[in-house]
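Everything below concerns the one structure shown next.
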Number of protein chains: 2
Amino acid sequence: MAHVTKSKECDRKLKVTRDALEVIQGKWRIPIIISLLYGDKRFGEISKDIAEISPKMLSQELKALEENKIVVRTVYDTMPVTVEYSLTDLGRSLKKPLDELMTWGSNFRKVILRGA
Amino acid sequence: MAHVTKSKECDRKLKVTRDALEVIQGKWRIPIIISLLYGDKRFGEISKDIAEISPKMLSQELKALEENKIVVRTVYDTMPVTVEYSLTDLGRSLKKPLDELMTWGSNFRKVILRGA
DNA sequence: GTAACTACTTACTTAGAGGTAACAACTATC
DNA sequence: GATAGTTGTTACCTCTAAGTAAGTAGTTAC
């Protein structure tokens with residue numbers, strides 16, 4: 001297996017990326033993960049972080065992230081029931097790719113604003 | 001500016017990410033960029049790399065990437081007109097985030113397969 | 001002149017992502 | 001028992017990303 005052609009390598013990477021994209025695609029998943037990278041949070045707190053998200057979308061996307069083992073939901077049996085969301089190890093391992101993406105994003109802004 | 005609260009930091013990152021996401025979101029943009037990271041290519045060659053993409057989507061997404069300064073389109077005045085697509089510096093600078101994402105993707109596969 | 005190849009474009013349709021709004025369950029307060 | 005504050009859920013609607021299929025423009029081959 002020492003020799004892999006460039007096109008085969010490209011092909012393999014395309015497949016791996018597809019899997020990763022399925023998990024984090026959509027308008028809200030990455031924002032939710034970023035919010036949770038800054039600490040475990042309750043439903044209402046994530047809502048405040050991501051002002052534009054509706055409760056329906058937040059609930060739905062949290063559920064999807066839970067199914068994909070990115071997020072854990074913990075229910076506390078307090079007086080007004082409290083629910084806390086936190087990242088799994090797998091979820092936290094998204095920090096590096098997302099940090100790189102954010103670095104790229106701020107550079108992108110600079111280049112586009114300068115170029116316009 | 002030495003002191004920035006954690007929540008402000010989170011807020012800022014959410015905004016930057018939003019910009020980055022707009023550029024690379026959708027089912028096809030990242031695959032197209034990955035294909036071009038493996039060399040400048042013609043329309044038909046990208047089509048072959050990403051077997052499932054339709055000519056309409058490829059044309060449309062290439063145009064969008066061009067508008068966002070990620071891709072450059074060069075027309076060669078040859079007998080059957082030849083068009084070549086390549087990445088700009090800005091486009092090539094996506095290599096690092098995408099590599100990180102692919103690394104994460106292959107780890108994700110392992111964890112999910114093991115856990116199921 | 002007609003068939004075939006490349007590189008797209010256009011028109012039409014569909015699926016599902018996302019939005020809005022109202023409701024539900026629980027407790028506390030008046 | 002009516003009102004309000006959490007933490008969501010449900011039903012319904014809309015809109016856009018993506019898919020399908022056919023067409024166009026230029027050249028080559030016969």
Side-chain angles (χ1 to χ4, degrees), chain A residues 14-15 17-36 39-68 70-87, chain B residues 14-15 17-36 39-68 70-87:
Chain A
L14 282 169
K15 278 188 187 118
T17 315
R18 188 82 105 181
D19 292 340
L21 284 181
E22 254 172 50
V23 180
I24 58 169
Q25 225 167 40
K27 193 171 173 183
W28 302 115
R29 295 192 190 172
I30 289 184
I32 290 170
I33 293 165
I34 293 177
S35 169
L36 290 177
D40 300 354
K41 290 191 180 139
R42 306 209 324 228
F43 192 87
E45 292 175 308
I46 306 176
S47 254
K48 250 172 270 165
D49 272 0
I50 312 170
E52 323 85 62
I53 198 171
S54 69
K56 177 198 137 179
M57 289 309 296
L58 182 51
S59 170
Q60 176 182 304
E61 299 303 289
L62 280 169
K63 211 171 287 175
L65 288 170
E66 210 191 334
E67 275 165 19
N68 283 314
I70 306 294
V71 156
V72 178
R73 179 188 140 111
T74 315
V75 182
Y76 294 102
D77 201 13
T78 50
M79 292 311 152
V81 70
T82 306
V83 183
E84 198 170 61
Y85 296 92
S86 49
L87 293 173
Chain B
L14 281 169
K15 277 186 188 120
T17 315
R18 187 82 105 181
D19 291 341
L21 284 182
E22 255 172 48
V23 180
I24 58 169
Q25 225 169 39
K27 192 172 173 183
W28 302 115
R29 295 192 191 173
I30 288 184
I32 291 169
I33 293 164
I34 291 177
S35 169
L36 290 177
D40 300 354
K41 289 190 181 139
R42 306 210 322 230
F43 193 87
E45 293 175 308
I46 306 174
S47 256
K48 251 171 272 167
D49 273 1
I50 312 169
E52 324 84 63
I53 197 171
S54 69
K56 177 199 135 176
M57 288 310 295
L58 181 51
S59 168
Q60 178 183 303
E61 298 303 289
L62 280 169
K63 212 171 284 173
L65 288 170
E66 211 192 332
E67 274 165 20
N68 283 314
I70 306 292
V71 156
V72 178
R73 179 189 142 111
T74 316
V75 181
Y76 293 102
D77 200 12
T78 49
M79 292 312 152
V81 71
T82 306
V83 184
E84 199 171 61
Y85 296 92
S86 48
L87 293 173

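Letters go in sequence order (proteins before strands), and every chain restarts at 1. Remember, predicted model here, so these are calculated numbers, not experimental data. What's counted below: heavy atoms across the whole structure, side chains too, no hydrogens, waters or symmetry copies.
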* Asked: What distance do Glu61(B) atom CD and Ile46(B) atom CD1 have between them, rounded to the nearest 0.5 Å?
  -> 12.0 Å
* To do: Using heavy atoms and a sub-4.0 Å distance, could you list which residues of residues 41-55 of chain A are near DNA chain D? By number, please.
  => Arg42(A), Phe43(A), Gly44(A), Pro55(A)
* To do: Answer with base, sugar-phosphate or nothing: what part of the nucleic acid does Tyr76(A) contact at a heavy-atom distance below 4.0 Å?
  => nothing
* Range on DNA chain C touched by chain B - first to last nucleotide, heavy-atom distance under 4.0 Å -> dA7(C) to dA11(C)
* Give a yes or no answer on whether the side chain of Lys41(A) reaches the backbone of Ser35(A) with a donor-acceptor pair at less than 3.5 Å. => yes
* Residues in salt bridge (Lys or Arg N to Asp or Glu O under 4.0 Å) contact with Asp40(B), at least two apart in sequence or another chain -> none
* Separation of atom CD in Gln60(A) from atom C1' in dT10(D), rounded to whole Å -> 12 Å
* Presence of donor-acceptor pair under 3.5 Å, side chain of Lys56(B) and base of dG19(D) -> yes
* When you measure from the side chain of Gln25(A) to the backbone N and O of Glu22(A), does any donor-acceptor pair fall under 3.5 Å? -> no
* Side-chain ion pair, Arg42(B) and Glu84(B), N-O less than 4.0 Å -> no
* Structure fact -> Whole-Å distance, Leu58(A) CG to dG8(D) P, equals 8 Å
* Taking every non-hydrogen atom, the tightest pair across Arg29(A) and Leu65(A) -> CD-CD2, 4.0 Å
* Taking CE from Met57(B) and P from dT20(D), how many angstroms apart are they, rounded to a whole number? -> 11 Å
* Asked: Contact class for Lys27(A) vs. all strands (heavy atom < 4.0 Å): base, sugar-phosphate, or nothing?
  -> sugar-phosphate
* Name the nucleic acid region contacted by Arg29(A), choosing base, sugar-phosphate or nothing; use a 4.0 angstrom heavy-atom cut-off, strictly under. => nothing
* Name the residue closer to the 5' end of DNA chain D, choosing between Gln25(A) and Glu84(A) according to the nucleotide with the nearest heavy atom. => Glu84(A)
* Ile50(B) to Trp28(B) - nearest heavy-atom pair and separation -> CG2-CZ3, 3.5 Å
* Straight-line distance of Ile32(B) CD1 to Ile70(B) CD1, nearest 0.5 Å -> 12.0 Å
* Asked: Under 4.0 Å: is that the gap between some side-chain N or O of Tyr85(A) and OP1 or OP2 of dT7(D)?
  -> no
* Which pair of heavy atoms, one from Leu58(B) and one from Ser47(B), lies closest together, and at what distance? -> CD2-OG, 3.7 Å
